[in-house]
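Note: hydrogens, waters and symmetry copies are ignored here, and every other heavy atom, side chains too, is used. Residue indices begin at 1 and follow the sequence shown.
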Amino acid sequence: MSSLQISASFCSSCSSSSIKKVNAAINVPKLPQVRFSLPKIPPTTTKLVQEVNRSIDTIIPSRIDVPTSTEISDDGYSKATIKLYAILEAVSDRVEMHNNMCEQRNNWNTLLLNSLNMITLTASTMVGLNTAIDNSALNLSSTVLFSAATGMLLIMNKIQPSQLAEEQRNATRLFKHLQTEIQTTLAIGNPNEEDVNSAMEKVLALDKAYPLPLLGAMLEKFPSKYEPAVWWPKTNTNEFQTQALRSEKKTNNGWTPELETEMWQILEVMKRKDIEDYDRLGNLALKVNKTLAKLGPLLTGIAALGSALGSHGSSWSGIVAAGAGSLAASTNALEHGGQVGMVFEMYRNCGGFFKLLQETIEATLEEKDREKRENGELFEIKLAMKLGRSVSQLRQLASKFAAYDSEGIGMDEFASKLF
């Protein structure tokens, strides 16, 4: 049969009969099954994973306590956490403010010192020339310049810009330290109202110890005697206390009679060596600063008076004025160029550092309940780092003090190796 006939017969069958469904099946050859075998986990690895899980389950509940529903705000954070973040923002702002004020007051010291020395030396030169040519204009100008230098020097010696700059440097450092403490508390987790109140008290104590304004709040630059700086609240002298210590309870909390004796011996070394030495140096710097602060305006005042008398033809008054002006420039360079006020403030800050350590050790050892203290081993490590020593060096220092008599007479080593 031809192809034409096959097509005709197929079309005729389609037209004569109803359309029927045609089911076609395509047979695909089956693919071979491939089996993958996973390596078996060694039993040691399984045990390690189980131990890690058990450690996490035991550590996390001891470090972080879930706050109760009454302490959680709408956004899921505890109210104490939100308050600490607010205090942290204020502390960060204070760091920036004190840093800016430090730069400003350091510029004051440089600019005022340069201006005063230029005025004083210029006036001295005019007086010297006036003795030779007897010019009334030079005489009047030198008198005005000496008088202006006296007034400016009185103001500069009153505020002590170098000492103001050092106060702001210390405040910046201490606020940064407080900022780190708050961040550590937040990182440990679950702060409480006691942490909030402690942070607030520390901020206010620092504000009082290192005020920003000059009028009405400036610290006394020439006190009657040397006193260490105090920047911590009296109600909370335990600088080393942290939340991380309370998570693990030990017998006696790491304290032993030997460790307590060691702390008392270190405290005695600080009292008899470091604290006494900074008390002596602080009083010495205070006396030198007072003397120079009085001597500078006195010399410029004498120079102004001698310059005014030089208009009457007295050569001796001109010589006195020129000599007093030169000495005044030298005195100002020694006082403000040498930053004697800054040195005094540095001694005040160092004395405050040792006073804080003293109060911290005494407050810790006077607490009879050892479980309420900070962990003894950690306390020893922190004290050693504060003094720039290792733990073994700290123990050697205590043993060295014990080798001397009860007064520690003859001991030539200081407790601190930092300053």
Worked verdict on N170 versus H98 for side-chain hydrogen bond (donor to acceptor under 3.5 Å, both in side chains): CA-CA 9 Å; N170 293 330; H98 282 282; over 6 Å; no
Student check: side-chain heavy atoms of L219 and P211 closer than 4.5 Å: yes
Check: S307 main-chain N/O paired with N139 side-chain donor or acceptor under 3.5 Å: yes
Neighbour count above 12 (heavy atom, 6.0 Å) for E362 CD: yes
Side-chain (T360) to main-chain (L356) donor-acceptor, under 3.5 angstrom: yes
Nearest atoms (heavy-atom pairs only) where E371 meets N253: OE2-N, 3.7 Å
Close side-chain approach of M385 to K382, heavy-atom, < 4.5 Å: no
Heavy-atom closest contact (T364 atom, F379 atom, distance): OG1-CE1, 3.5 Å
SB check R272 E268 (cutoff 4.0 Å): yes
Any N157 side-chain heavy atom under 4.5 Å of E335 side chain: yes
Side chain proximity check, E380 to E262, heavy atoms < 4.5 angstrom: yes
Side-chain (R373) to main-chain (L365) donor-acceptor, under 3.5 angstrom: yes
Criterion side chain to side chain contact (heavy atoms under 4.5 Å, CB included) on Y210 and L206, from CA distance to verdict: CA-CA 6 Å; Y210 299 102; L206 276 171; 4.2 Å; yes
Stepwise side chain to side chain contact (heavy atoms under 4.5 Å, CB included) test for W264 and I361: CA-CA 8 Å; W264 284 118; I361 296 174; 5.5 Å; no
Evaluation steps, side chain to side chain contact (heavy atoms under 4.5 Å, CB included), between F419 and M346: CA-CA 11 Å; F419 46 83; M346 181 184 66; over 6 Å; no
S78-T81 side chain donor-acceptor pair, cut-off 3.5 Å: yes
For A80 against P191, the heavy-atom pair lying closest together: CB-O, 3.3 Å
Within 45° cone and under 6.0 Å: K273 NZ/CZ vs F414 ring: yes
Atom pair CD1 (I266) and OG (S416), whose distance is rounded to the nearest 0.5 Å: 11.5 Å
S141 side-chain N/O to L138 backbone N/O, donor-acceptor pair under 3.5 Å: no
Interatomic spacing from CD1 in I155 to OG1 in T150 - rounded to 0.5 Å: 11.5 Å
Test side-chain contact (heavy atoms from CB on, under 4.5 Å) applied to E166 and Q160, M342, R105, the passing residue: M342
Candidate pair K221 and E345, rule salt bridge (Lys or Arg N to Asp or Glu O under 4.0 Å), full reasoning: CA-CA 9 Å; K221 298 300 179 287; E345 180 60 29; over 6 Å; no
Between E377 and W255: side-chain donor-acceptor atoms closer than 3.5 Å: no
Where A165 and N106 come nearest, the two heavy atoms and their spacing: CB-N, 3.9 Å
Passing candidate, side-chain contact (heavy atoms from CB on, under 4.5 Å) with Q179, options L174, I87, L88: L88
Beyond-backbone contact of M263 with L383, side-chain heavy atoms, under 4.5 angstrom: yes
Nearest-0.5 Å distance, CD1 of residue I119 to OG of residue S124: 11.5 Å
N/O donor-acceptor pair under 3.5 Å between N283 side chain and D279 backbone: yes
Point-to-point distance, once rounded to the nearest 0.5 Å, from CG of L305 to OG1 of T143: 9.0 Å
Stepwise salt bridge (Lys or Arg N to Asp or Glu O under 4.0 Å) check, E227 with K225: CA-CA 6 Å; E227 291 288 345; K225 63 176 182 178; 3.6 Å; yes
Reported CG-to-CD1 distance for the pair L298 and I302, which is rounded to 0.5 angstrom: 4.0 Å
Short N-O contact, K271 and E276, less than 4.0 angstrom: no
More than 12 heavy atoms of other groups within 6.0 Å of M218 CE: yes
Minimum side-chain heavy-atom gap R94-L212 below 4.5 Å: no
Note, V288 side chain near F344 side chain (heavy atom, < 4.5 Å): no
Under-4.0 Å salt bridge between K400 and D412: yes
D195 and K83 ion-paired at < 4.0 Å: no
CA sep, side-chain torsions, deciding dist, call: K417, D274, salt bridge (Lys or Arg N to Asp or Glu O under 4.0 Å): CA-CA 10 Å; K417 286 190 173 183; D274 301 82; over 6 Å; no
F354 and Y278 aromatic centres sub-6.0 Å: yes
Considering all heavy atoms, the nearest A199-L178 contact: O-CD2, 4.4 Å
Short N-O contact, E193 and K79, less than 4.0 angstrom: no
Working for side chain to side chain contact (heavy atoms under 4.5 Å, CB included), residues E260 and R370: CA-CA 11 Å; E260 291 183 352; R370 292 178 176 176; 3.3 Å; yes
Pairwise distance CD(Q168) to CD(Q163) - rounded to 0.5 angstrom: 11.0 Å
Side chain proximity check, H336 to N114, heavy atoms < 4.5 angstrom: no
Check: P228 main-chain N/O paired with Y347 side-chain donor or acceptor under 3.5 Å: no
Over 12 foreign heavy atoms within 6.0 Å of NZ, K158: no
Closest non-hydrogen atom pair between A415 and R389, with its separation: O-NE, 2.7 Å
